[in-house]
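Below you'll find the structure, written out as structure tokens, and then a few comments.
Each chain gets a letter, A, B and so on, in the order its sequence line appears, and its residues count up from 1.
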Protein chains: 2
Amino acid sequence: MSVTISRREIILQEAAHLFREKSYPGANLRELARRAGIQGGSIYHHFASKQEILFQLMDNTMSDMIERLTERLSDADSPLEKLRRTVFFHIEYHVTGPDQTYITDEELRNLETENYLMVVAKRDRYQKIIENILSEGQVEQGWQLDEPKLYSRALIKMCAGVSTWFKPQGDLTIAQIAEAYTKLFCNGLLPR
Amino acid sequence: MSVTISRREIILQEAAHLFREKSYPGANLRELARRAGIQGGSIYHHFASKQEILFQLMDNTMSDMIERLTERLSDADSPLEKLRRTVFFHIEYHVTGPDQTYITDEELRNLETENYLMVVAKRDRYQKIIENILSEGQVEQGWQLDEPKLYSRALIKMCAGVSTWFKPQGDLTIAQIAEAYTKLFCNGLLPR
DNA sequence: AAGCAAACCTAACGTTTGTTAGGTAGCATA
DNA sequence: TATGCTACCTAACAAACGTTAGGTTTGCTT
């Protein structure tokens, strides 16, 4: 039943946590190594540089997000159902792996050019999926949106923001928040 | 017509820009001094420490935001009008001073305890203003929201996010974006 | 038993960092 | 003209940093 987890994986997990706590430049490798249970220099057995750790972290996260979202949407028929699942997924993913998503959302500026371009490309692919759902709804269901891109951005920021205040032991579940946000996004707050 | 701007003010402005570019721990004081037109050590004539620069930056920004938003709301009569102005203000402020607001939104973790508590207190005061508008609308206008706090957070994140992609020379004005977001927040995207 | 590679340790390197001490230039006041 | 204050410069400090070189342990393979 126990899952074997490589040291490399441990380092990546601890790095996500540490980078979120102190930001990438503020985190140091000796501290990271300590948390991963090894000595400072040993990090370089698993990664070529501090930068590579950041890149792997962000690139893995983006790939995973695209893959999982795509899978969740695969058997959704209507645009509304797709939107529901996207809101739920985006919130859930950000709340479940808050360290990884936070880093991926906020540390783009600390990526070197080549790495930056790769991660941004994947981020754009992810955003495009959501934008397409809104465009679909606009055409097929007459959703009221002038600029799909504008609204997809609003949706993404809105949902991602949940992880900054969400507490698992709080009185709201992820499902409740996702439902409320879906309702808000679809109906607005004025009475119908 | 020209405005006198103190060196202290210049340092704060350049610090906002530099911190946003490299994050607080990633920015160094020699570079900041260079941009402000003085030598590294001279910073300490104006500030006691690097930390104090960050704190002044964030504290000033929060105070300014509270003051300005309060003023804008002072002669708004209905909750809907207050909401409209809030959305517009929040977007406008984030887009106009993107460095300051970005720092204030993202660098809380790098504040020492005492400074952290002061800035968070002001941030909460600001959020409370918005939360109260939603509560008002709920009571007086029957706005559909179960948890005002949940929706105020969504609104804040949504609007603040604009500054991450907004380009002044782009084809959308702040007013257009603000209008679209107000409409989205009030009506949702389903046709009425 | 020998060989080998992966995983890790230790100690040091050169650089960069925030910060400080002590000095100088310019200007206003007396 | 002397005094003193503000705004700055220069040079150095100790600490922390990413990174590297070289050595040791461990466990598998032949």
Would you list the atom pairs, donor with acceptor, under 3.5 Å between side chains in residues 154-167 of chain A and any protein atom, with sequence neighbours excluded?
unit_1 : atom_1 : unit_2 : atom_2 : d
A:S163 : OG     : A:A160 : O      : 3.1
A:T164 : OG1    : A:G161 : O      : 2.6

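In this structure, B:R8 places its CZ atom 15 Å from C1' of D:dT6, rounding to the nearest Å. Atom CZ of B:R30 is separated from atom P of D:dC13 by 14 Å (rounded to the nearest Å). Distance CZ (B:R7) to C1' (D:dC8): 9 Å, rounded to an integer number of Å.
Between chain A and DNA chain C, the heavy-atom contact criterion of under 4.0 Å yields a 5' to 3' nucleotide range of C:dA6 to C:dA12.
For the segment residues 42-55 of chain A, the set of residues with a heavy atom within less than 4.0 Å of an atom of DNA chain C comprises A:S42, A:H45, A:H46, in numerical order.
Nucleic acid contact class of B:A33 (heavy atoms, under 4.0 Å, all strands): none.
For the side chain to side chain contact (heavy atoms under 4.5 Å, CB included) test, residues two or more places apart in sequence or in another chain that qualify with B:R68 are B:D64, B:F89, B:Y93. In terms of the side-chain hydrogen bond (donor to acceptor under 3.5 Å, both in side chains) criterion, residue partners of B:E92 (sequence neighbours excluded) are, by chain and number, B:R72. A search for side chain to side chain contact (heavy atoms under 4.5 Å, CB included) contacts involving B:R20 returns B:P98, B:D99, B:Y102, B:I103, not counting sequence neighbours. Partners of A:N132 according to the side chain to side chain contact (heavy atoms under 4.5 Å, CB included) rule, which considers only residues two or more places apart in sequence or in another chain, are A:K128. A search for side-chain hydrogen bond (donor to acceptor under 3.5 Å, both in side chains) contacts involving B:R34 returns B:E31, not counting sequence neighbours. Under the side chain to side chain contact (heavy atoms under 4.5 Å, CB included) criterion, B:Q56 pairs with B:R8, B:L12, B:F47, B:E52, B:N60, not counting sequence neighbours.
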Can you give me the N/O atom pairs linking the protein to nucleotides 24-27 of chain D at distances under 3.5 Å, or say none if there are none?
none

Salt bridge (Lys or Arg N to Asp or Glu O under 4.0 Å) assessment of B:E179 paired with B:K183: CA-CA 6 Å; B:E179 201 193 315; B:K183 205 180 114 197; over 6 Å; no

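Counting only residues at least two apart or in different chains, side chain to side chain donor-acceptor pair (under 3.5 Å) contacts with residues 111-122 of chain B comprise B:Q51-B:N115, B:D59-B:K122, B:S63-B:K122. Pairs passing the ring-ring contact (aromatic ring centres under 6.0 Å, His included) check and including a residue from residues 7-45 of chain A, sequence neighbours excluded, read A:F19-A:Y24.
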